[in-house]
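Chain A is the first sequence line, chain B the second, and so forth, proteins listed ahead of strands; every chain is numbered from 1.
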Protein chains: 2
Amino acid sequence: MSTPSASRPLDLIIVEDQKEVREGLRYLLGLDPRVNMVRTYDRVETLLDALDTLPTPDLVLMDIGLPGMSGIEGVRAVKKRFPSVSVIILTVFEDTDRILESIRAGANGYLLKSTKPDILLEQILGAAKEGSPLSPRVAKRLLEEIQESGEQSSLSDYGLTPRERQILTDVVNGFTYREIAARYNIAASTVKKHILHIYQKLDVSSRAEFVRKAIREKLV
Amino acid sequence: MSTPSASRPLDLIIVEDQKEVREGLRYLLGLDPRVNMVRTYDRVETLLDALDTLPTPDLVLMDIGLPGMSGIEGVRAVKKRFPSVSVIILTVFEDTDRILESIRAGANGYLLKSTKPDILLEQILGAAKEGSPLSPRVAKRLLEEIQESGEQSSLSDYGLTPRERQILTDVVNGFTYREIAARYNIAASTVKKHILHIYQKLDVSSRAEFVRKAIREKLV
DNA sequence: GATGAGATACACCATTCGGTGTATTTCTAA
DNA sequence: TTAGAAATACACCGAATGGTGTATCTCATC
């Protein structure tokens with residue numbers, strides 16, 4: 001429960017190497033009554049120096065394509081020393097790799113420069129307080145990523161029999177022939193036979209390959 | 001490459017059990033010139049029946065808390081038969097579980113009912129065409145999820161030396177003492193020594209446990 | 001009733017593995 | 001300079017593994 005309408009005006013920082021974009025953003029954001037102060041830098045290194053002495057901002061708008069350190073490295077550096085500062089990426093790039101890397105670096109949002117100014121303003125100032133501003137095209141990439149990661153599970157069944165599946169699980173869990181035999185009250189030689197059959201079906205020839213393959217493609 | 005300003009007006013469907021909300025949304029959306037037609041249903045089952053006979057819509061706005069089938073099941077059902085239809089969740093729930101389940105079910109967006117009407121309209125009609133509308137608080141949950149999933153990687157470094165890390169990789173890839181020894185031109189006995197050291201550090205005592213643990217927590 | 005798949009079981013053998021001990025060299029840090 | 005970590009190497013032993021062959025028994029399906 002916060003008090004959105006009565007919150008303290010924000011101190012912002014913009015890191016952007018193109019002067020026109022930088023000044024345009026500063027002007028746009030500076031007009032809004034929710035903003036107290038806007039500082040700008042043209043590269044990450046300068047920002048990091050300044051953070052040592054000047055007051056800590058509430059929010060940093062970070063470009064990715066910068067001379068020297070990239071904005072993604074910038075996110076990592078800023079979040080490491082000031083975890084509570086919101087850092088929002090503002091860039092032209094919308095590839096999944098850069099989006100994911102930015103998020104893993106600790107970014108609190110990811111906006112595209114193609115966003116219309118009024119929506120951009122609302123996203124930055126409105127969304128940042130309670131959530132993470134994301135451009136819809138960026139969000140789309142994330143949803144696709146999440147959907148794909150959940151799918152790859154049941155791809156290959158191989159021709160394993162129920163008994164073989166049981167034993168496969170035990171092998172992955174580190175049991176030996178004898179131990180598995182004891183679990184099912186069968187002879188160790190039988191367990192061995194089963195495992196050799198599984199090896200043929202999975203096309204492997206050692207415990208290590210077996211465990212790796214079993215874990216990498218689903219079961220267990 | 002689309003023609004956003006000249007695109008065909010959209011046919012929408014709203015699935016929402018509360019009459020006031022349903023009619024409010026219908027009114028709000030119906031006013032916009034980008035909308036051609038709005039149909040409403042109070043439960044998923046009715047929608048599914050209607051989809052068999054009536055024209056396929058462009059976009060479905062789906063509540064989650066519904067009598068009978070939940071909206072998440074509704075997403076699954078609709079996307080299964082009409083994969084190209086955009087289905088956007090509109091709900092009061094903002095827990096990570098429901099958000100992720102909705103996305104895995106195939107949802108193309110996830111908006112909260114607390115969204116201000118003008119922004120809601122813009123998200124639905126503006127964002128849905130080229131991206132996935134997500135409320136900032138929902139996006140925040142997703143970012144946290146992605147950050148966490150990437151973190152558990154480097155959590156445990158164990159005290160492995162560079163050489164041990166090399167050999168660890170080879171073992172996971174199924175090589176034997178001899179093969180690894182050949183790769184680095186060292187004696188098999190040395191490789192064995194290294195592996196036994198790694199066993200102690202990882203607290204395992206067999207190839208199977210070793211590979212499993214190595215894969216489960218990071219490296220390789 | 002025959003055929004085949006699945007599960008069971010035993011034998012044999014070479015290789016690999018797990019565990020322990022000892023020892024040398026090099027390099028870094030105290 | 002000295003102590004310790006890292007990497008190297010060899011020996012020995014019992015246990016586990018991989019590979020192959022053979023042989024029942026059951027059950028379902030043809």
Side-chain angles (χ1 to χ4, degrees), chain A residues 80-81 152-220, chain B residues 152-220:
Chain A
K80 183 165 186 178
R81 282 199 290 163
Q152 104 284 40
S153 54
S154 65
L155 73 169
S156 44
D157 207 318
Y158 292 93
L160 299 185
T161 68
R163 195 48 143 189
E164 287 169 348
R165 255 186 290 275
Q166 279 182 312
I167 291 178
L168 173 141
T169 305
D170 291 329
V171 170
V172 173
N173 287 329
F175 293 105
T176 65
Y177 292 149
R178 288 187 184 172
E179 290 167 331
I180 297 172
R183 291 167 69 86
Y184 304 112
N185 290 312
I186 58 179
S189 58
T190 306
V191 175
K192 190 174 177 178
K193 221 15 159 204
H194 284 309
I195 291 178
L196 289 175
H197 279 154
I198 302 173
Y199 279 16
Q200 292 179 343
K201 291 179 178 176
L202 299 207
D203 188 31
V204 298
S205 60
S206 76
R207 279 293 210 273
E209 292 180 84
F210 178 97
V211 173
R212 175 161 163 270
K213 191 153 193 170
I215 292 180
R216 288 239 193 271
E217 37 216 280
K218 80 156 189 318
L219 308 117
V220 186
Chain B
Q152 105 279 36
S153 55
S154 65
L155 76 167
S156 41
D157 207 317
Y158 295 92
L160 298 185
T161 68
R163 194 50 142 188
E164 286 169 349
R165 255 186 292 276
Q166 278 184 314
I167 291 178
L168 174 140
T169 305
D170 291 330
V171 170
V172 173
N173 286 329
F175 293 105
T176 66
Y177 291 147
R178 287 186 183 174
E179 291 167 332
I180 298 172
R183 291 168 69 85
Y184 303 111
N185 289 315
I186 58 180
S189 58
T190 306
V191 175
K192 190 174 178 178
K193 221 17 159 203
H194 284 307
I195 291 178
L196 290 175
H197 280 154
I198 301 173
Y199 279 16
Q200 291 178 344
K201 290 178 179 177
L202 299 207
D203 188 31
V204 298
S205 59
S206 76
R207 279 296 209 272
E209 292 180 83
F210 178 98
V211 172
R212 177 162 163 268
K213 191 154 193 170
I215 292 180
R216 288 238 192 272
E217 39 214 278
K218 70 125 204 351
L219 309 117
V220 186

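Taking side-chain N and O atoms only, Tyr177(A) has a distance below 4.0 Å to OP1 or OP2 of dG18(D). Phosphate proximity of dA7(C) to Thr161(A): present, with a side-chain N or O under 4.0 Å from OP1 or OP2. One finds a side-chain N or O of Tyr199(A) lying less than 4.0 angstrom from the OP1 or OP2 phosphate oxygen of dG18(D). The side chain of Arg207(B) contributes an N or O atom lying less than 4.0 Å from OP1 or OP2 of dG18(C). Here Arg163(B) reaches the OP1 or OP2 of dT8(D): one of its side-chain N or O atoms lies under 4.0 Å away.
What separates CG of Leu196(B) from P of dT8(D) is a distance of 15 Å, to the nearest Å. If you measure from atom CD1 of Ile180(B) to atom P of dA9(D), you get 14 Å, rounded to the nearest angstrom. As a whole-Å value, the separation of Phe175(A) CZ from dA16(D) P is 14 Å. For the pair Lys192(B) NZ and dG19(C) P, the interatomic distance rounds to 10 Å; values are reported in whole Å. Here dG18(D) presents its C1' atom at 13 Å from CD of Glu179(B), a figure rounded to the nearest Å. One can place CD of Glu164(B) at 13 Å from P of dA5(D), the figure rounded to the nearest angstrom. Across the protein-nucleic acid pair, Ile167(B) atom CD1 and dG18(C) atom P stand 14 Å apart, rounded to whole Å. When rounded to the nearest whole Å, the span between CZ of Arg178(A) and C1' of dT17(D) equals 12 Å.
Using modelled atom types, no side-chain atom of Arg212(A) and backbone atom of Gly174(B) make a donor-acceptor pair closer than 3.5 Å. Looking at Glu179(A), its side chain does come within 3.5 Å of a backbone N or O of Thr176(A) through a donor-acceptor pair.
Of the residues near DNA chain C, Asn185(A) and Gln200(B), the one whose nearest nucleotide (by heavy atom distance) lies more toward the 5' end is Asn185(A). Mapping Lys201(A) and Thr190(A) onto DNA chain C via the closest heavy atom, the residue that lands nearer the 5' end is Lys201(A).
When heavy atoms are screened at a 4.0 angstrom cut-off, Ser189(B) is found touching base atoms of the nucleic acid. No engagement by His197(B) is indicated, since no non-hydrogen atom pair under 4.0 Å with the nucleic acid exists. As judged by a 4.0 angstrom heavy-atom cut-off over every strand, Ile186(B) is placed among residues touching the sugar-phosphate backbone only.
Side-chain atoms of Lys193(B) stay outside donor-acceptor range of the base of dG19(C), with no qualifying N/O pair under 3.5 Å.
The side chain of His194(B) lies closest to dT8(D) when the candidates are dT8(D), dG18(D), dC10(C). Side-chain proximity of Ser206(B) to the nucleotides dA16(D), dG18(C), dA7(C) is greatest for dG18(C).
Judged by the 6.0 Å distance and 45° axis criteria, Arg178(B) is not positioned over the aromatic ring of Tyr184(B). Within the cation-pi definition used here (under 6.0 Å to the ring centroid, within 45° of the axis), Arg207(A) qualifies as a partner of Tyr177(A).
The only option from Thr169(B), Val171(B), Asn173(B) that meets the side-chain contact (heavy atoms from CB on, under 4.5 Å) definition with Ile180(B) turns out to be Val171(B).
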I would like to know whether Lys201(A) and Glu164(A) meet side chain to side chain contact (heavy atoms under 4.5 Å, CB included); could you show each step before the answer? CA-CA 10 Å; Lys201(A) 291 179 178 176; Glu164(A) 287 169 348; 2.7 Å; yes
